[in-house]
Amino acid sequence: MTTSPSFDPSEALRADINRLLDRAPTMKHGELIQLALATIARMSEDEIDRLDWKILNASLQDMERAFRAFYPYRHVRKISIFGSARIAAGTPEYQMAVEFAQRITELGFMVITGAGPGIMKAGNEGAGREKSFGLNIQLPFEEGANEFIEGDRKLIPFKYFFTRKLFFLRESDALALFPGGFGTLDETFECLTLSQTGKSSPMPLVLIDCPGGHYWHDWLEYVEKQLLRRRLISPNDFSLFTITDRLDEACDVIAQFYRVFHSCRYIGSRLVMRLNTDISEEAVEELNQNFGDILLKGRIEKSHALPQEAQDMAIGKARLLLHFNQRDLGRLYQLIHAINRLGTQQEPEDAKHPERK
């Protein structure tokens, strides 16, 4: 009687890694895969504690789950909704969050929440299961995922706050913040910091209160008194966000942001602004007259897709190129608003579908 050889997980791993190394040179992102493997190999030669390896492993597992869940929806714009977990159903704030999620999904967007109670639950309720994502983190003093996202394949569990927050911002094309506690204010200031420093792509940030509410206006009073008056921020930083107590304005701010403007990225030293439709030479001249102060050199110029954008040729129909100083982000937001205003007379077809990425 012969016995089957026992399974050796290390041998299976060795075979998987060897296959990956053989395939990597011809894979679509093979160079980046090899760099990631090289990083792990270098770390294995250093004196790193077991806890450090556990953090690395759990972080990678968080990201793997999130990458897989979001990938099928990568061409749909999404809006993250933040707000207190302690706001009860039936309150004005809760009902407003429900209605906001309903309206924004009717425009074709999807909604991302933290999957918990309060405003998060309201966002998933208003959006419905089909249009909802939930980025869940288990806390000892809170329930699990709310019933409107529980069991859905788009509910993603996270071990760490930092990986969860990464995907809130990475996957979002707009941010809607309702009243909340320390967590909501943390998210508010982090979103503003990333926008102000250019570490996130430009996107609309809308602070929503109930009609006649004072939550965000009181917050604004503090920002003006303690930050602006001390010159700790710039007056142009107020262009990074909108405060409103009207849902029609909140939805319009988000939709209009992508009316002509599509997205932007750096290629070399130039910022490439992708547009959903072309704009006139007269409009470009007006932009140069009004925004020359944010250029390191040269002018704002029209262009077609650049050779370096070979994988993104289909994104947008036109380009604006500029040597942006990478400092005046509030002014960059003003430039985006001006581009959208100058394109309003042309009624681009893509303007009817701002939710398309």
Side-chain angles (χ1 to χ4, degrees), residues 74-77 107-109 172-174 194-206 234-242 249 251-357:
R74 62 195 180 279
H75 297 307
V76 181
R77 293 197 187 273
L107 292 175
F109 295 85
S172 294
D173 300 281
L194 294 173
S195 297
Q196 183 202 48
T197 57
K199 287 299 184 180
S200 70
S201 298
M203 68 177 75
L205 174 60
V206 187
S234 162
N236 291 321
D237 290 333
F238 291 91
S239 297
L240 301 175
F241 60 89
T242 300
E249 181 182 12
C251 294
D252 189 60
V253 165
I254 293 169
Q256 289 299 317
F257 194 87
Y258 297 106
R259 194 175 190 284
V260 177
F261 172 78
H262 181 282
S263 57
C264 60
R265 61 173 292 192
Y266 283 95
I267 295 180
S269 62
R270 291 184 296 185
L271 179 64
V272 180
M273 304 187 74
R274 299 153 166 166
L275 308 182
N276 290 317
T277 186
D278 201 2
I279 63 175
S280 68
E281 294 290 349
E282 291 77 13
V284 176
E285 181 59 33
E286 181 176 335
L287 295 177
N288 275 291
Q289 291 175 4
N290 294 333
F291 294 95
D293 58 296
I294 66 173
L295 304 180
L296 288 173
K297 60 180 180 179
R299 293 169 51 83
I300 301 173
E301 300 175 347
K302 290 175 60 174
S303 174
H304 298 293
L306 302 182
Q308 297 94 323
E309 298 181 281
Q311 293 183 331
D312 302 322
M313 289 294 187
I315 296 179
K317 298 181 176 66
R319 305 288 193 272
L320 292 177
L321 309 182
L322 58 149
H323 290 278
F324 176 52
N325 63 23
Q326 300 188 43
R327 182 184 64 250
D328 296 320
L329 273 298
R331 290 283 286 149
L332 181 65
Y333 274 64
Q334 293 170 15
L335 172 61
I336 292 171
H337 293 315
I339 290 169
N340 287 323
R341 174 180 57 80
L342 291 169
T344 54
Q345 296 179 351
Q346 301 183 33
E347 279 300 322
E349 178 63 26
D350 286 352
K352 302 174 184 177
H353 298 284
E355 78 284 2
R356 294 177 183 169
K357 293 180 85 167

Between [atom1] on residue [X] and [atom2] on residue [Y], distance to nearest 0.5 Å:
X: Arg327; Y: Thr197; atom1: CZ; atom2: OG1; value: 14.0 Å
X: Ser263; Y: Leu275; atom1: OG; atom2: CG; value: 9.0 Å
X: Glu249; Y: Thr242; atom1: CD; atom2: OG1; value: 6.5 Å
X: Leu306; Y: Arg274; atom1: CG; atom2: CZ; value: 9.5 Å
X: Cys264; Y: Leu271; atom1: SG; atom2: CG; value: 5.0 Å
X: Ile339; Y: Asn276; atom1: CD1; atom2: CG; value: 11.0 Å

Any side-chain heavy atom of [X] within less than 4.5 Å of one from [Y]?
X: Asp173; Y: Met203; value: no
X: Pro202; Y: Leu332; value: yes
X: Cys251; Y: Leu107; value: yes
X: Leu335; Y: Met273; value: yes

Where [X] and [Y] come nearest, the two heavy atoms and their spacing:
X: Arg331; Y: Asp293; answer: NH2-OD1, 2.7 Å
X: Tyr266; Y: Gln326; answer: OH-CG, 3.1 Å
X: Val272; Y: Arg319; answer: CG1-CD, 3.5 Å
X: Leu320; Y: Val284; answer: CD2-CG2, 4.1 Å
X: Ala283; Y: Leu342; answer: O-CD1, 3.7 Å
X: Leu321; Y: Arg270; answer: CD1-NH1, 3.4 Å

On the ring face of Tyr258, is Arg77 found with NZ or CZ under 6.0 Å from the centre and within 45° of the axis?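 Cation-pi check for Arg77 and Tyr258: passes.
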Decide yes or no on side chain to side chain contact (heavy atoms under 4.5 Å, CB included) for His323 and Ser269, but give the supporting numbers first. CA-CA 6 Å; His323 290 278; Ser269 62; 3.3 Å; yes
Of Asn236, Ile294, Asp237, which meets side-chain contact (heavy atoms from CB on, under 4.5 Å) against Asp328?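 So, applying the side-chain contact (heavy atoms from CB on, under 4.5 Å) to Asp328 and each of Asn236, Ile294, Asp237, only Ile294 qualifies.
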Using 30° and 60° as the class limits, which term best fits the ring planes of Phe257 and Tyr333: parallel, tilted or perpendicular?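 The rings of Phe257 and Tyr333 sit tilted, inter-plane angle from 30° to 60°.
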List the steps and the verdict of side chain to side chain contact (heavy atoms under 4.5 Å, CB included) for Leu296 and Phe324. CA-CA 6 Å; Leu296 288 173; Phe324 176 52; over 6 Å; no
Audit row: Ile300, Leu295, side chain to side chain contact (heavy atoms under 4.5 Å, CB included) steps and yes/no: CA-CA 8 Å; Ile300 301 173; Leu295 304 180; 4.1 Å; yes
Between the side chains of Asn340 and Gln256, does any donor sit under 3.5 Å from an acceptor?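 There is no such pair between these side chains.
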When you measure from the side chain of Lys302 to the backbone N and O of Ile279, does any donor-acceptor pair fall under 3.5 Å?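 Yes.
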Please determine whether side chain to side chain contact (heavy atoms under 4.5 Å, CB included) holds for the pair His337 and Phe261, giving the CA-CA distance in whole Å, both sets of side-chain angles, and the decisive distance to 0.1 Å. CA-CA 8 Å; His337 293 315; Phe261 172 78; over 6 Å; no
